[in-house]
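Structure first, commentary second.
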There are 2 protein chains.
Amino acid sequence: MRRKIEIKLINDKSKRYTTFTKRRKGLMKKAEEFCQISDSKAVFISFSGAGNCYCLGHPDVDTVLDCYLGGSSSTKEEEAPTEAERRIGDAVESGRWKEAVRGLGLDKLDQLHAELENITRRVSLAAESVNR
Amino acid sequence: MRRKIEIKLINDKSKRYTTFTKRRKGLMKKAEEFCQISDSKAVFISFSGAGNCYCLGHPDVDTVLDCYLGGSSSTKEEEAPTEAERRIGDAVESGRWKEAVRGLGLDKLDQLHAELENITRRVSLAAESVNR
DNA sequence: ATGGCTATTTATAACTC
DNA sequence: TGAGTTATAAATAGCCA
């Protein structure tokens, strides 16, 4: 069935798009795992032939691009939250995030589940290391 | 020999670095193949813990970054999510929610910790009850 | 297009030197 | 450390519903 293929441009348009989609999904999954497992700053951005943009970044796209482009904002501290940070912070404080979670699909929930276990562990560790 | 592993931060530093190197190589190989086979504009950039930068781009890094930075509003997902889904989905994908969490006080963290255990349990239960 | 389904290929975790 | 080895897990090319 499956055969080894040569890595060169696929000429057939529909086959190329199918492969683009399948491989992009695999690549982004691997990139996410890579970030979670090694805590590396990383970014992946891809444009389809139709011009659609697919991207992911850890801790986020802009932070990694800042590092790459030489920006000084590479070291994020607790000062000056971005719009996104403020938004999430508000959501956490108000409890509205619970509403949002209800709307997520299974794949997003899986992803969130994994992240939650990570952050739960991290929060526990951080809490233990604090004098109180 | 090889066993299935859970995707979470590897705590052991040397093991983490080994995995970082191996997975980064695999990822970059796949990214190159992806670009060659589908002629997608794509870029991958990663920073090691030591700050070393590894990157690749097709047709080249700067071209893709120009598309991303100057380009139109990026469609991160192909579906049409609700505002809530988009907000949380974006936060999960980018990892920015982790930044927001860092700004919370101890009492808020305690509260969040409890909520996380709840939602984690709920997600597990929901996942188990779904046919897949 | 979209989403499975294998038969294979490919990536890689654990191990060794 | 870094560079192989190998047994296993994961990705995916070609099909088809």
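Note that this is a predicted model, so its numbers are computed, not measured. Labels below follow one simple rule: chain letters A, B, ... track the order of the sequence lines, proteins then strands, and each chain is numbered from 1.
Remark on DNA chain C: of its neighbouring residues A:R2 and B:I5, the 5'-side contact belongs to A:R2, judged by nearest-heavy-atom nucleotide. Between B:K25 and A:S14, the one whose closest nucleotide on DNA chain C sits nearer the 5' end is A:S14.
Distance CD (A:E6) to P (C:dT9): 16 Å, rounded to an integer number of Å. Protein atom CD of A:E32 is 12 Å distant from nucleotide atom P of D:dA11, rounded to whole Å. When rounded to the nearest whole Å, the span between CD1 of A:I10 and P of D:dT12 equals 12 Å. Between B:M1 atom CE and D:dA10 atom P there is a gap of 18 Å when expressed in whole angstrom units. Per the geometry, CZ belonging to A:R24 stands 15 Å off P belonging to D:dA11, to the nearest Å. Atom CZ of A:R16 and atom P of D:dG14 are 15 Å apart (whole Å). In this structure, the CZ atom of A:R3 is 11 Å from the P atom of C:dT9, given to the nearest Å. Here D:dA13 presents its C1' atom at 13 Å from CD of B:E33, a figure rounded to the nearest Å.
One cannot find a donor-acceptor pair under 3.5 Å joining the base of D:dG2 and the side-chain atoms of B:K22.
With distances taken from any side-chain atom of A:R23 to the nucleotides D:dA13, C:dA11, D:dG4, the minimum falls on D:dA13. Among D:dT5, D:dG2, C:dT10, the nucleotide with an atom closest to any side-chain atom of B:Y17 is D:dG2.
Under the 3.5 Å distance criterion, with hydrogens and angles disregarded, no donor-acceptor pair is assigned to the side chains of A:T63 and A:D66.
Residue A:T19 is classed as a sugar-phosphate contact, given heavy-atom separations below 4.0 Å to backbone atoms only.
For A:K15 and D:dG14, the shortest distance from a side-chain N or O to OP1 or OP2 is below 4.0 Å. Residue B:K30 places no side-chain N or O under 4.0 Å from the OP1 or OP2 atom of C:dT10.
Remark: aromatic rings of A:F34 and B:F20 are close, center separation under 6.0 Å.
Evaluated for a side chain to side chain contact (heavy atoms under 4.5 Å, CB included) with B:R23, the options B:T21, B:T19, B:L27 yield exactly one hit, B:T19.
Hydrophobic cluster membership differs between B:M28 and B:I37, with clusters built from Ile, Leu, Val, Met, Phe, Trp and Tyr side chains linked at under 4.5 angstrom.
With hydrogens and angles ignored, the 3.5 Å screen pairs a side-chain donor or acceptor of B:S40 with a backbone N or O of A:F47.
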